[in-house]
Amino acid sequence: MTDRVLIFDTTLRDGEQAPGFSMDQAQKLSMAHALADMGVDIIEAGFPAASDGDFQSVNAIAKAISTSTICGLARATEGDIRAAASAIEPAKKKRIHTFIATSPIHREYKLNMDKQTVLDRAVKAVRMAREFVDDVEFSAEDALRTEPEFLIEVFTAVIAAGANTINIPDTVGYATPEDIFQVFSDIKSRVKGAENVILSAHCHDDLGMAVANSLAAVRAGARQVECAINGIGERAGNCALEEVVMALRTRSDSYGIETNIDTTRLYGASRLLSGVTGHAVPRNKAIVGENAFAHESGIHQDGVLKNVETYEIMKPEDVGVPKSELVMGKHSGRHAFAERAKSLGHNLEPDKLESAFKAFKTLADKKKVITNSDLESLILGRETKTNGPWHLSSLNVSAGSRPVSMTTAAVMLTHDDGHVKKEVALGNGPLDATFKAIRRATGSVAKLDDFSVRSIGAGADAQGRSDVRLSLDDKSAHGAGVDTDIVLAGATAYIDAINRLARMMHSVPKKESSASPIPIEAS
């Protein structure tokens with residue numbers, strides 16, 4: 001007899017809070033659709049009270065997704081709870097996730113509250129959240145460093161107040177699997193009403209044990225695991241969704257637990273997140289890394305050729321890794337392109353499919369062999385690309401050897417309102433000159449926080465992928481560009497980031513909340 005564990009994905013909340021992983025609304029919507037298509041039970045879409053942008057993104061996801069429960073995070077304050085309720089209001093299935101820290105160190109140094117005040121705040125927050133939604137989750141932040149008796153007291157009280165899910169987070173990633181198993185077992189047996197709610201695990205990876213700790217929680221009775229694609233999140237990250245899901249599936253003999261996840265979509269979701277954030281998946285990453293199903297050792301290769309089970313405990317196709325590298329060229333048709341896109345985990349809307357197919361044809365005139373990686377880049381570019389206001393019309397670069405010659409870049413940009421800007425700049429190299437010219441043309445004063453370029457595939461005709469992250473005030477945006485010309489890829493990425501920042505800066509403000517000035521933290 002199998003049991004089921006709910007998958008609560010926090011890629012768009014805890015994951016997005018990590019430095020360098022912020023996403024704009026369009027990027028979050030793309031990820032939310034991928035998560036819903038995968039079968040994620042609960043999508044924690046954001047922290048509505050944290051910023052206007054977060055509120056709007058949560059609200060947009062609540063309107064767009066109907067299959068998954070859409071969750072908004074809220075501190076145990078009236079303003080936060082009202083903001084979360086308003087943001088998720090359009091959702092077909094909705095949840096408010098409210099929290100307060102319970103450990104001695106957090107009570108004393110962060111909240112400046114005694115136990116009774118924390119307990120009262122927790123109960124009041126749950127009761128208020130239940131006025132807006134029927135599905136309320138409560139988290140005791142830093143639960144694993146909280147006195148066991150106080151933790152039991154808090155959980156007993158919030159269950160009585162109406163909480164449906166109790167989250168027991170290892171906020172600082174300090175616990176071991178043995179710790180987790182003991183705490184969950186105690187709570188399950190000692191908290192009054194625990195048999196009527198779902199116990200949830202939210203484990204951070206500071207000691208590299210987030211997945212192991214989450215599995216220990218499941219063994220002790222947790223029936224919800226909070227995790228993120230590629231394990232992204234605060235500091236060292238969260239429990240990786242793809243790892244815990246495949247561990248439960250592959251070792252069903254040990255756990256007897258199922259999830260609702262379509263595992264064939266794991267690879268595509270991982271690559272989509274990498275594309276929208278600009279952070280490459282490590283080659284040795286479990287489940288979705290490039291080396292996850294690669295065998296170079298002669299002994300391993302010999303064994304796999306005779307029987308794949310000698311060194312593979314999972315099939316690549318089970319997690320959505322394409323079975324083969326389909327060689328496509330300029331004579332390949334739209335149907336073949338669409339089928340390959342689908343096999344890579346992307347069901348494109350007609351307009352985006354047409355745009356990606358045209359880009360594919362253009363690339364086919366430049367490259368002899370087009371690989372899955374090339375196609376992924378084309379598709380991701382169409383799925384997440386922003387629409388203006390600035391568009392690159394032309395770019396010309398003249399470079400020479402130092403110290404005799406400086407690089408010159410001339411750009412022509414077109415704005416959505418129709419006006420054209422032309423600028424020329426000198427730089428220390430093609431990219432430096434190009435970025436300077438673009439800044440002059442757009443009038444951007446954003447700071448360049450990060451720039452990278454890497455090869456897609458191999459060979460002299462390989463495409464280059466460029467990632468740019470810009471920041472202005474408290475806003476940060478990532479842009480990406482792909483081309484066989486890495487300077488053009490860099491220019492495209494830079495303009496993409498400028499456009500995203502422009503949209504963030506001109507977003508419509510939400511109504512003011514009456515949130516108290518408790519520091520914004522989360523489990």
Side-chain angles (χ1 to χ4, degrees), residues 7-23 27-28 31-32 34-35 38 40 42-47 50 54 71 73 97 99 139 141-145 167-177 179-180 200-218 222 224-248 261 266-267 269-292 319 449-450 452 467 469 476 478 520-523:
I7 297 299
F8 176 111
D9 182 271
T10 188
T11 302
L12 301 177
R13 200 278 299 170
D14 195 325
E16 199 247 355
Q17 285 179 191
F21 283 89
S22 62
M23 294 171 257
Q27 293 167 328
K28 289 183 180 180
M31 279 306 307
L35 295 170
M38 188 195 305
V40 165
I42 303 100
I43 298 174
E44 189 168 46
F47 200 154
D54 237 27
C71 176
L73 185 69
H97 178 191
F99 73 96
S139 285
E141 186 184 2
D142 205 20
L144 268 293
R145 294 194 296 177
N167 185 37
I168 309 156
D170 180 19
T171 303
V172 294
Y174 179 74
T176 66
D179 296 333
I180 294 285
S200 177
H202 182 123
C203 300
H204 278 264
D205 206 36
D206 298 72
L207 293 177
M209 291 188 282
V211 173
N213 285 342
S214 298
L215 292 171
V218 170
Q224 176 176 287
V225 171
E226 306 195 2
C227 43
I229 297 294
N230 296 342
I232 70 170
E234 293 274 14
R235 303 182 312 281
N238 286 288
C239 171
L241 183 151
E242 62 279 1
E243 294 179 24
V244 73
V245 165
M246 289 308 295
L248 291 171
I261 298 298
L266 292 172
Y267 179 86
S270 169
R271 288 302 186 271
L272 176 61
L273 180 62
S274 174
V276 301
T277 62
H279 291 275
V281 178
R283 294 185 67 92
N284 65 331
K285 172 73 174 65
I287 313 300
V288 292
E290 288 184 33
N291 289 355
V319 300
D449 291 328
D450 191 43
S452 66
D467 292 283
R469 183 163 291 279
S476 175
H478 163 256
I520 294 179
E521 298 285 346
S523 58

Exercise. Is the backbone of V276 close enough, under 3.5 Å, to the side chain of H478 for a donor and an acceptor to pair up by distance?
Worked result: yes
Exercise. Can any side-chain N or O of H204 pair as donor or acceptor with the backbone N or O of G237 at less than 3.5 Å?
Worked result: yes
For this session: May I ask you to check whether D14 and H202 show a side-chain donor-acceptor distance below 3.5 Å?
Result: yes
Exercise. Just by distance, do the side chain of R271 and the backbone of V288 share a donor-acceptor pair under 3.5 Å?
Worked result: yes
Exercise. Looking only at heavy atoms, what is the nearest atom pair of C239 and V225, with distance?
Worked result: SG-CG1, 4.2 Å
Problem set entry | Check: N213 side chain, A175 main-chain N or O, donor-acceptor pair, under 3.5 Å | yes
Problem set entry | Partner residues of D54 under the salt bridge (charged side-chain N to carboxylate O under 4.0 Å, His left out) criterion, sequence neighbours left out | K28
Exercise. Hey, does the side chain of E242 reach the backbone of N230 with a donor-acceptor pair shorter than 3.5 angstrom?
Worked result: yes
For this session: Please answer whether the main-chain N or O of L266 pairs with a side-chain N or O of S270 as donor and acceptor at a distance below 3.5 Å.
Result: no
Exercise. Which atoms form the tightest heavy-atom contact between Q17 and F47, and what is the distance?
Worked result: OE1-CD1, 4.1 Å
For this session: Check for a donor-acceptor pair, side chain of T171 on one end and backbone N or O of D142 on the other, with a separation under 3.5 Å.
Result: yes
Donor-acceptor pairs under 3.5 Å, side chain of residues 205-212 to any protein atom, not counting sequence neighbours: which ones?
unit_1, atom_1, unit_2, atom_2, d
D205, OD1, M209, N, 3.1
D205, OD1, A210, N, 2.9
D206, OD1, R235, NH2, 3.0
D206, OD2, R235, NE, 2.7

For this session: Return the minimal non-hydrogen interatomic distance between F21 and G15, and the atom names on each side.
Result: CB-O, 3.6 Å
Exercise. Are side-chain heavy atoms of I261 and V40 found at a separation under 4.5 Å?
Worked result: yes
For this session: Would you check if the side chain of T10 reaches a backbone N or O of C227 as a donor-acceptor pair within less than 3.5 Å?
Result: no
Problem set entry | Minimum heavy-atom distance A32-L12, with the two atoms named | CB-CD1, 4.1 Å
Problem set entry | Residues which pass side-chain contact (heavy atoms from CB on, under 4.5 Å) with A143, listed by chain and number, not counting sequence neighbours | A140, L151, I168, P169
For this session: State, yes or no, whether a side-chain contact exists between L73 and F99 at a heavy-atom distance under 4.5 Å.
Result: yes
Exercise. Quick one: does H97's side chain get under 4.5 Å of I42's, heavy atoms only?
Worked result: no
Problem set entry | E16 side chain to M23 backbone, donor-acceptor under 3.5 Å | yes
Exercise. Any sub-3.5 Å donor-acceptor pair from D9's side-chain atoms to T11's backbone N or O?
Worked result: yes
For this session: Over all heavy atoms of both residues, which pair between G278 and D467 is shortest? Give the atoms and the distance, please.
Result: CA-OD1, 3.3 Å
